[in-house]
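Have a look at this one before I ask anything.
Labels below follow one simple rule: chain letters A, B, ... track the order of the sequence lines, proteins then strands, and each chain is numbered from 1.
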Protein chains: 2
Amino acid sequence: MENKPSKEDLAFDFDFLDKLIVGIGEVSDITGVPTRKIRYWEDKGIIHSSSESGKNRRFDYKNIKKILLLKELVDEGYTLEAASEKVSKRMEMINKALASLKKKADE
Amino acid sequence: MENKPSKEDLAFDFDFLDKLIVGIGEVSDITGVPTRKIRYWEDKGIIHSSSESGKNRRFDYKNIKKILLLKELVDEGYTLEAASEKVSKRMEMINKALASLKKKADE
DNA sequence: ACGCAATTGTAGATTATTTACAATAATTGT
DNA sequence: ACAATTATTGTAAATAATCTACAATTGCGT
């Protein structure tokens, strides 16, 4: 552990984002989307959570990001369907970016 | 919302890290430190959480990071005290890095 | 008005966290 | 060896947060 500043400190903290999991209440606070609506969107199949049966929902970085993007569009007036489609495309880019950064981190 | 890749996608998602809050159970899963030990470290004043009375603990990015660093050192054999001191110095760097990146984000 | 999409409300059951008191290891100094 | 300190863990009872499922409501286009 060094104690001089370095970009390793956090500039690319994917390791962290990769391990990140968050409960529904916190996701609601982070995104501003009510828990009830988050569950509704999940019912519709637009977002996903790792809900092992009998346990509470857990959301990873990608799905929190997705909720943030969905909220943006839905607030603008998009239908859920249209927003979902648009966000899916955007998520492809984000997934690619994450994958390539993860690759770099492995080197 | 664009749909071509860009570094804005996530290369510096401080906005996200800044808003991030996580419950104790998830922090435990992320860091590998048992909840009981997290509470103990908080009792000792080494880490902090935003616990409004009557509500459950919430941890922000900085404190989760701190727990990860503490765990590293404690597992290596450091005393809690020594680990805490070393981590505090490291956190100064991380805080600086976060602050400067936040500044950039505001431009 | 009608139909549909989107959202919200809520009750009762279940899961997770909290606090507080106590017990157990491990290490260090005398 | 023994006492003292540090670090950790165990647990019970109360409280907070979440779960599911059924239902109601709102808003918008036809």
Whether A/S28 side chain and A/I24 backbone form a donor-acceptor pair below 3.5 Å: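 Pair absent, no side-chain N/O of A/S28 close to backbone of A/I24.
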For A/D29, is there an ion pair with B/K19 - N to carboxylate O distance below 4.0 angstrom?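 A/D29 and B/K19: not salt-bridged.
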Nearest to the side chain of A/R36, which nucleotide is it out of C/dA22, D/dC19, C/dT8?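 When the side chain of A/R36 is considered, C/dT8 is the closest of C/dA22, D/dC19, C/dT8.
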Which residue lies more 5' along DNA chain C, comparing A/N56 with A/Y78 via nearest heavy atoms: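 Checking each residue's closest nucleotide, the 5'-ward one belongs to A/Y78.
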Spacing between A/K44 atom NZ and C/dT7 atom P, to the nearest angstrom: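 Going from A/K44 (NZ) to C/dT7 (P), I get 9 Å.
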Quick check on DNA chain D: between B/V74 and A/G25, whose nearest nucleotide comes earlier from the 5' end?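 Of the two residues, B/V74 wins.
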Within the distance-only criterion (no hydrogens, no angle test), does the side chain of A/N63 pair as donor or acceptor with the backbone N or O of A/H48 below 3.5 angstrom?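 Judged by distance alone, yes, a pair lies under 3.5 Å.
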On DNA chain C, nearest-nucleotide positions of B/R58 versus A/E81: which is more 5'?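 Residue closer to the 5' terminus by nearest nucleotide: A/E81.
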For D/dT20, does OP1 or OP2 lie under 4.0 Å from any side-chain N or O of A/R39?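 Answer is no, no contact under 4.0 Å.
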Can you tell me which nucleotide in D/dC19, C/dT17, D/dA7 comes closest to the side chain of B/L80?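 Nearest nucleotide to the side chain: D/dA7.
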Give a yes/no answer on whether the side chain of B/W41 brings an N or O atom under 4.0 Å of OP1 or OP2 in D/dT8.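 Yes, B/W41 has a side-chain N/O under 4.0 Å of OP1/OP2 on D/dT8.
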Could you tell me the separation between the CD1 atom of B/I67 and the P atom of D/dA7, rounded to a whole number of Å?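 About 16 Å, once rounded to whole Å.
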Could you give the CD1-to-P distance, from B/I38 to C/dA16, as a whole number of Å?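 After rounding, the gap between these two atoms is 15 Å.
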May I ask you to say what A/T35 touches in the nucleic acid, namely base, sugar-phosphate or nothing, with a heavy-atom cut-off under 4.0 Å?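 Contact class for A/T35: none.
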Contact class for B/G23 (heavy atom, under 4.0 Å): base, sugar-phosphate, or nothing?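 The answer is nothing, as B/G23 stays clear of every strand by at least 4.0 Å.
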Under the salt bridge (charged side-chain N to carboxylate O under 4.0 Å, His left out) test, which residues partner B/K44, sequence neighbours left out?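 With sequence neighbours excluded, B/K44 shows a salt bridge (charged side-chain N to carboxylate O under 4.0 Å, His left out) to no residue whatsoever.
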Expressed as a whole number of angstroms, how long is the span from A/I21:CD1 to C/dA16:P?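 Computing the A/I21:CD1 to C/dA16:P distance gives 12 Å.
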What's the closest nucleotide to the A/K55 side chain, out of C/dT17, C/dA16, D/dA7?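 Looking only at side-chain atoms, A/K55 lies closest to C/dA16.
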In whole Å, what is the span from the CD1 atom of B/I24 to the P atom of D/dA16?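 The distance from CD1 of B/I24 to P of D/dA16 comes to 17 Å, rounded to the nearest Å.
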Between P of D/dT18 and CD of A/E52, the distance in whole Å: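 Value for this atom pair: 17 Å.
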Donor-acceptor pair, distance only, cut-off 3.5 Å: does the side chain of B/S88 make one with the backbone of B/S84?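 Confirmed, B/S88 side chain pairs with B/S84 backbone.
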Base, sugar-phosphate alone, or nothing: which one does B/R57 contact when heavy atoms must sit under 4.0 Å apart?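 Sugar-phosphate contact only - B/R57 comes under 4.0 Å of backbone atoms but never of a base.
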Would you mind telling me which of C/dT18, D/dT18, D/dT9 lies closest to the side-chain atoms of B/Y40?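 In terms of side-chain proximity for B/Y40, the closest of C/dT18, D/dT18, D/dT9 is D/dT9.
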Protein-nucleotide distance (B/E26, atom CD; C/dA16, atom P), rounded to Å: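 Atom-to-atom, B/E26 to C/dA16, this comes out as 10 Å.
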Provide, to the nearest angstrom, the distance between the CG atom belonging to A/D43 and the P atom belonging to D/dA23.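 Atom-to-atom, A/D43 to D/dA23, this comes out as 16 Å.
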